[in-house]
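Structure record follows, encoded as structure tokens.
Lettering follows sequence order; numbering is per chain, from 1.
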Number of protein chains: 2
Amino acid sequence: MEQGRGTQSSRSVPMATSEPGQYEGAERVERSERRVRRGDIRDAIEQDILTGRSRPGEKLDEQALARRFDVSRTPVREALQQLASVGLIELKPNRGAFVREVSIGELIQMFEVMAELEGMAGRLAARRAGEGTIRRIRELLLACETAAASRDTDAYYAENGRFHAAIYEACGNAFLASEASRLHQRLKAYRRLQLRVPKRMEQSLAEHRRIVEAIESGDAALAERELKDHIAIQGERFADFVASLSVRDAAE
Amino acid sequence: MEQGRGTQSSRSVPMATSEPGQYEGAERVERSERRVRRGDIRDAIEQDILTGRSRPGEKLDEQALARRFDVSRTPVREALQQLASVGLIELKPNRGAFVREVSIGELIQMFEVMAELEGMAGRLAARRAGEGTIRRIRELLLACETAAASRDTDAYYAENGRFHAAIYEACGNAFLASEASRLHQRLKAYRRLQLRVPKRMEQSLAEHRRIVEAIESGDAALAERELKDHIAIQGERFADFVASLSVRDAAE
DNA sequence: GTCAAGCCTATTGTATACAAGATATGATCT
DNA sequence: AGATCATATCTTGTATACAATAGGCTTGAC
């Protein structure tokens, strides 16, 4: 009953009729999306966390998730493990999975590291980027400008991500690129928040232009500084934003 | 059957014990290594990889590992997932787990990133380290010197790890500290290799002294440079080392 | 002899069963 | 009545059963 899959298979399960569904009241919306692809579960839970649908500190119930995706607990646990390894949730032994509470101080520290990595990527990109790579970055800058011109924060947010990813790739250090992407992904939700700050999109765009200029001219030190500042500003803006909400702040 | 287990699951100790200790059976090694602690499996496989007992490209057989630790495949798979998330192995869908082949180029890239992070930690440590922290770092430098004096590479290797960890802590950015530790751990095996290079231990020690000096004097830029170079040299030495012994090595 | 197609087997992936830990709940004693 | 211990119940963790897939092997045709 609780596992819709097993019932329709021709084989008979020994004593499968153990107990009638004791939680059948919960909504099971995903009726249509049987056959979830591997990784879908992970992505869905991640999305819930990043969008704030799952609040920090909240417990994630394995059984509920299993029902929601119409799978057993096994793949759900797998997904939870992966999310824990990325740092999005915390697995307390014998207690379960909880959405991680990230303090403001911790976020600022993460932005600080991100700034360093982006700066490094910029420095290397300025030295190593070839003709085609630079053209691609230029294109993405243009896309950012278009999005900004139409005041479309969602589009800007998306193009911005692509812009930075292109720089990671351009640095010629695949490991750095993957580490930077990982952190970028991790800070996604908080980056987005800043776009609400008035004029931030325009400022960001101006910074992007200077970054491209520096990379194009091959000025490694400048590219490093511009990118580092670009991210550092985001960290500060984020801190401002938070401070404006909460008067008391323990941000070291 | 494949799991010669389950029959003798006569775990005594009903629950009358009001002891707070949760792993009472830690030293109780029945048969092989019964009652493995959570995480032991992961550590053991990791150790095999880092020490080279499991060669790059080699396939890790779930069933064999399950037998070896006398557990079912479930916790083994869990351990493999974690190792995959750290990058030590690769999980090919429907194919299994394989020890990741790290090319020399990739390793150099990792050292490059490591150098940046260590440099950052040094810079911040120079600015933020307090009285006690510096004393602690000094102590660890002394321990390195002692180990070096007695030509004990194993001891030096261990003290070196503590020395760097102390600097990570001193930087006042816990996130950076954890990221640096993660990478340090990842490069562990390759770091160790370098100590075989003649005079490397002495050079390393000299570099350590300059690093401590820079941090003590509060010279952030210098501390950053010294640490960065310290790691960069390791990357270069590593490349030299590999180049010197592998004419026949299928590097990449 | 070579190649291809289809079965065979070995191994991964998923579901379910079962065990052990944790929390909630109720009974008993002071 | 309140506290404490015992138990009931729920949840996580692990074992096992089953399903599905990949790769090898056999067989048959050319």
Requested in this report: Give the nucleotide from the list C/dT11, D/dT14, D/dA15 with an atom nearest to the side chain of B/Q63.
Outcome: C/dT11
Query - Distance test, side-chain N/O of B/R95 to OP1/OP2 of C/dG13, below 4.0 Å - result: no
**Report entry** Flag, side chain of B/R100 to backbone of B/L88, donor-acceptor distance under 3.5 Å
**Finding:** no
Query raised in the report: Which is true for A/R77 with a 4.0 Å heavy-atom rule: it touches a base, it touches only sugar-phosphate, or it touches nothing?
Result: base
Query - d(NZ, B/K92; C1', C/dG13) in whole Å - result: 18 Å
Query raised in the report: Hey, is the main chain of A/R95 close enough, under 3.5 Å, to the side chain of A/K59 for a donor-acceptor pair?
Result: yes
Requested in this report: In whole angstrom, give the distance that lies between atom CG of A/L91 and atom P of C/dG21.
Outcome: 19 Å
Query raised in the report: Does B/S72 place a side-chain N or O at less than 4.0 Å from the phosphate oxygens OP1/OP2 of D/dA15?
Result: yes
Requested in this report: Please work out whether the ring planes of B/H164 and B/H184 are parallel, tilted or perpendicular, with thresholds of 30° and 60°.
Outcome: tilted
**Report entry** Nearest-angstrom distance from the residue atom CD of A/Q81 to C1' of D/dT14
**Finding:** 13 Å
Requested in this report: Please state how far atom CD1 in B/I89 lies from atom P in C/dT12, giving the value in whole angstrom units.
Outcome: 11 Å
**Report entry** Between C/dG13 (P) and B/E78 (CD): distance, integer Å
**Finding:** 15 Å
Query raised in the report: Quick one: is D/dT12 close enough that its OP1 or OP2 comes under 4.0 Å of any side-chain N or O from A/K59?
Result: yes
**Report entry** Most 5' of B/G96 and A/N94 on DNA chain C, judged by nearest nucleotide
**Finding:** B/G96
Report summary line: In B/T153, B/D154, B/T51, the residue satisfying side-chain hydrogen bond (donor to acceptor under 3.5 Å, both in side chains) with B/R192 is B/D154
Report task. To the nearest Å, give me how far apart CZ (B/F98) and C1' (D/dA22) are. Result -> 11 Å
Query - Greater than 12 external heavy atoms within 6.0 Å of B/R186's CZ - result: yes
**Report entry** Whole-Å gap separating C1' (C/dT12) and CG (B/D61)
**Finding:** 10 Å
Query raised in the report: Within this structure, what is the CD1-to-C1' distance between A/I41 and C/dT14, rounded to whole angstrom?
Result: 10 Å
